[in-house]
There are 2 protein chains.
Amino acid sequence: MSLPKPGPMSLVPFVSVEGMMQLILQQGVEGMLVDLAAYIEDDFRRWEQFDKTPRIAAHSPEGVIELMPTSDGRSYGFKYVNGHPKNFQSGRQTVTAFGVLSDVDTGYPVLITEMTLLTALRTAATSALVAKYLMPKGARTMAMIGNGAQSEFQCLAFKAICGIDTIRLYDIDPNATQKAVHNLQGKGLTVVACKTGEEAIEGADIITTCTADKQFATILTDNMVGSGVHINAIGGDCPGKTELHRDILTRSDIFVEFPPQTRIEGEIQQLPEDHPVTEFWQVVTGATKGRTSDRQITLFDSVGFATEDFSALRYINELVRQSDAFQKLDLLADPDDPRDLFGMIERYGRGMDAA
Amino acid sequence: MSLPKPGPMSLVPFVSVEGMMQLILQQGVEGMLVDLAAYIEDDFRRWEQFDKTPRIAAHSPEGVIELMPTSDGRSYGFKYVNGHPKNFQSGRQTVTAFGVLSDVDTGYPVLITEMTLLTALRTAATSALVAKYLMPKGARTMAMIGNGAQSEFQCLAFKAICGIDTIRLYDIDPNATQKAVHNLQGKGLTVVACKTGEEAIEGADIITTCTADKQFATILTDNMVGSGVHINAIGGDCPGKTELHRDILTRSDIFVEFPPQTRIEGEIQQLPEDHPVTEFWQVVTGATKGRTSDRQITLFDSVGFATEDFSALRYINELVRQSDAFQKLDLLADPDDPRDLFGMIERYGRGMDAA
């Protein structure tokens, strides 16, 4: 007598880190960024269909653990993500993540996936998508301040989606910059390593800031930022963590994902609660204008929102089913009679005894 | 050249449904219920250390999907759980669940586990733990109304933890009752199948209600409930879903897990918001009294709270490491240099090409 096998309804596809790398290599990094941006744009366009809530954050002295759920009424998705700036010291990732997509009608998960890599990709795809709507015309040069794990994805997303051809890199740690220079070789970008933040933003049409200290920092000061640029501010994404001087914010037109979350977590936590911001989805639908002049400073105060992860989960769920880049996890108890959970255990035990 | 292996920090222990069945059989159902009750009791005793928040529920016409996070400052846990009463019709479970335990200092998950079986066990362990404090002295007989997937676990928990020796079963579906009778054979309980709810509660010291309709139902009416009993009300656990007539509530002393959640989800959603309730953890610490007279009706308005899942995760995390009832999932990207996520993908690609 053989042991009972997991029932078919118990099995949930799982994309491991290795599986995700296979999917990325199959599509190409830039190809996947472009695809992700399209899914994210679609979901911003139907923003009003989503059940939205600020993420649920558990803060601790060392960092934060967050759950980011959302639903469009048909599917439900959530992401688990941490942010621990000191993890670097023990060889761990500052940000790791995994996510789940489920069927709303049954509540059954249909996909579990690593999202450390996927979050890096969706964050970059979102940044470039937003910049496509807001950057000055003819933008070619981006300053990339902070050359950590997110930086190469940002650079390639802006190349593939916005037509950026020159990157000016700066990090307080020159080794991080050298790593990014190395990784971006042969990718069709002109890459310039800079010694200061000031040097990096010389001639830049777009300024991306992506640093990880959990503190009020001032990566950019007001005198560094000229008119007409687009600022893509990624790193200020939790209470007490900002990157830009307040005076830059008051000179800029600020675009956000979901105001109730950004007012807590974004750069605008430095501003009064009623400071005007524009919701990006309204730019996508055409309900409001994005950039209206060459001299305007546009600022995307990015904190990352659950719908972007939902878009990424939706994309991977479709992509992975055309591949073998997944395993099946025996996650959901599936007794012959759904009311007989107890009997399932006993029958399994008898099977073990007999085997 | 071989493909790079997942780094050790990428691997997270995973307990599948099969793994959980192995752990349950190894400990015995009653043994595991007793252990779980001890962990749950410990965590109720240190209730004030927990970061508590009502669960985050996504409601739909067919059911609900919930995330239940909590933390004691050292570990963080959350459970994903659905409740879909009609799932039964398609051979699925009404309630399925999985959970994650993480290290607060790094944000890294340390355990992923199925929790469909574990939730059934922790719910029963919690019920019996609460009854241990509230039931009338010398209680021997329990009425079990609703004989679905949770019922056998309830019966065995009350046997192992409260000394109940007689169970009186009733369900609107006689097949469910027959299933429970069958499963409880040879377990050291006197089991009586009853044809009505009224018959089931005859002589019962404890009345457990555990039915699954998502609607205001009246499993118990006021004239059915005599003085002195303890009512363990499990099934009323989301808005619009209750089991008891309002008049029973007003005659009872009501004990709850976390009032902000119970007022939304429990039987007391039928009562004014300021109706007095006692928080169970205060009974455990001795800050307040439980049962004070033989004639008092005590009512545990149970909805299930995140700390109970946390206790269960903590228990399984300790238990599983002494066994081989787990796999390791390649869940967390672990590049040689934590800032070099991008390079990890490229190196993996070169490894694949060379392999």
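Lettering follows sequence order; numbering is per chain, from 1.
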CZ (Phe14(A)) and CD (Gln327(B)) are apart, to the nearest 0.5 Å, by 9.5 Å

How about Lys187(A): does its NZ atom have over 12 heavy atoms from other parts shown lying under 6.0 Å from it? yes

Whether Phe98(A) and Phe78(B) hold their rings parallel, tilted or perpendicular, with breakpoints at 30° and 60°: parallel

Please identify each residue that fulfils side chain to side chain donor-acceptor pair (under 3.5 Å) with Thr96(A), with sequence neighbours left out. Asn82(A)

Closest non-hydrogen atoms of Asn183(B) and Glu346(A), given as atom of the first, atom of the second and distance, are O-OE1, 4.3 Å

With Arg339(B) as reference, evaluate Asn147(A), Asp173(A), Thr94(A) under the side-chain hydrogen bond (donor to acceptor under 3.5 Å, both in side chains) test and give the passing residue. Asp173(A)

When you measure from the side chain of Glu114(A) to the backbone of Leu332(B), do you find a donor-acceptor pair of N or O atoms at a distance under 3.5 Å? no

Considering only heavy atoms, which portion of Ala120(A) lies under 4.5 Å from any heavy atom of chain B: side chain, backbone, both, or neither? side chain

Evaluate whether atom NZ of Lys86(B) has more than 12 neighbouring non-hydrogen atoms of other residues, nucleotides or ligands under 6.0 angstrom away. no

Counting N and O atoms only, with roles assigned by atom type, does the side chain of Tyr348(B) sit under 3.5 Å from a partner on the main chain of Gln22(A), one being a donor and the other an acceptor? no

Relative to chain B, which segment of Gln93(A) carries a heavy atom at a distance below 4.5 Å: side chain, backbone, both, or neither? both

Going from CE on Met32(A) to CD1 on Ile345(B), what distance comes out if it is rounded to the nearest 0.5 angstrom? 9.0 Å

Tell me if a side-chain donor or acceptor on Asp51(B) pairs with a main-chain N or O of Ala58(A) at a distance below 3.5 Å. no

Under 4.5 Å from any heavy atom of chain B - which part of Leu156(A): side chain

Contact origin within Val100(A) toward chain B - heavy atom pairs under 4.5 Å: side chain

Heavy-atom proximity to chain A below 4.5 Å, by part of Asn87(B): side chain

Of the listed Ser71(B), Gly148(B), Gly91(B), the one with the largest count of heavy-atom pairs under 4.5 Å with chain A is Gly91(B)

Tell me which one of Ser102(A), Pro109(A), Pro69(A) satisfies side chain to side chain contact (heavy atoms under 4.5 Å, CB included) with Ile65(B). Ser102(A)

What's the separation between atom NZ in Lys179(B) and atom CG in Leu341(A), rounded to the nearest 0.5 Å? 8.5 Å

Among residues at least two apart in sequence or on other chains, which ones pass salt bridge (charged side-chain N to carboxylate O under 4.0 Å, His left out) with Asp309(B)? Lys79(B), Arg122(B)

CG of Asp105(B) to OG of Ser60(A): how many Å apart, nearest 0.5 Å? 6.5 Å

What option among Ser90(B), Gly73(B), Pro338(B), Ala149(B) has the most heavy-atom pairs under 4.5 Å with chain A? Pro338(B)

Can you tell if the side chain of Leu329(A) reaches within under 4.5 Å of the side chain of Leu329(B), non-hydrogen atoms only? yes

Nearest heavy-atom contact between Val17(B) and Met344(A) is CG1-CE, 4.1 Å

Counting heavy-atom pairs under 4.5 angstrom with chain A, the leader among Leu25(B), Val81(B), Thr116(B) is Leu25(B)

So for Ile56(A), is it side chain, backbone, both, or neither that comes closer than 4.5 Å to the heavy atoms of chain B? side chain

At a heavy-atom separation under 4.5 Å, does Tyr76(B) approach chain A through its side chain, its backbone, both, or neither? side chain

Straight-line distance of Asp337(A) CG to Asn175(B) CG, nearest 0.5 Å: 9.0 Å

Which one of Arg92(B), Met20(B), Glu152(B) has the most heavy-atom pairs closer than 4.5 Å to chain A? Arg92(B)

For Ala333(B), is it the side chain, the backbone, both or neither that has a heavy atom under 4.5 Å from a heavy atom of chain A? both

Heavy-atom distances under 4.5 Å only: say whether Val15(A) touches chain B with side chain, backbone, both or neither. neither

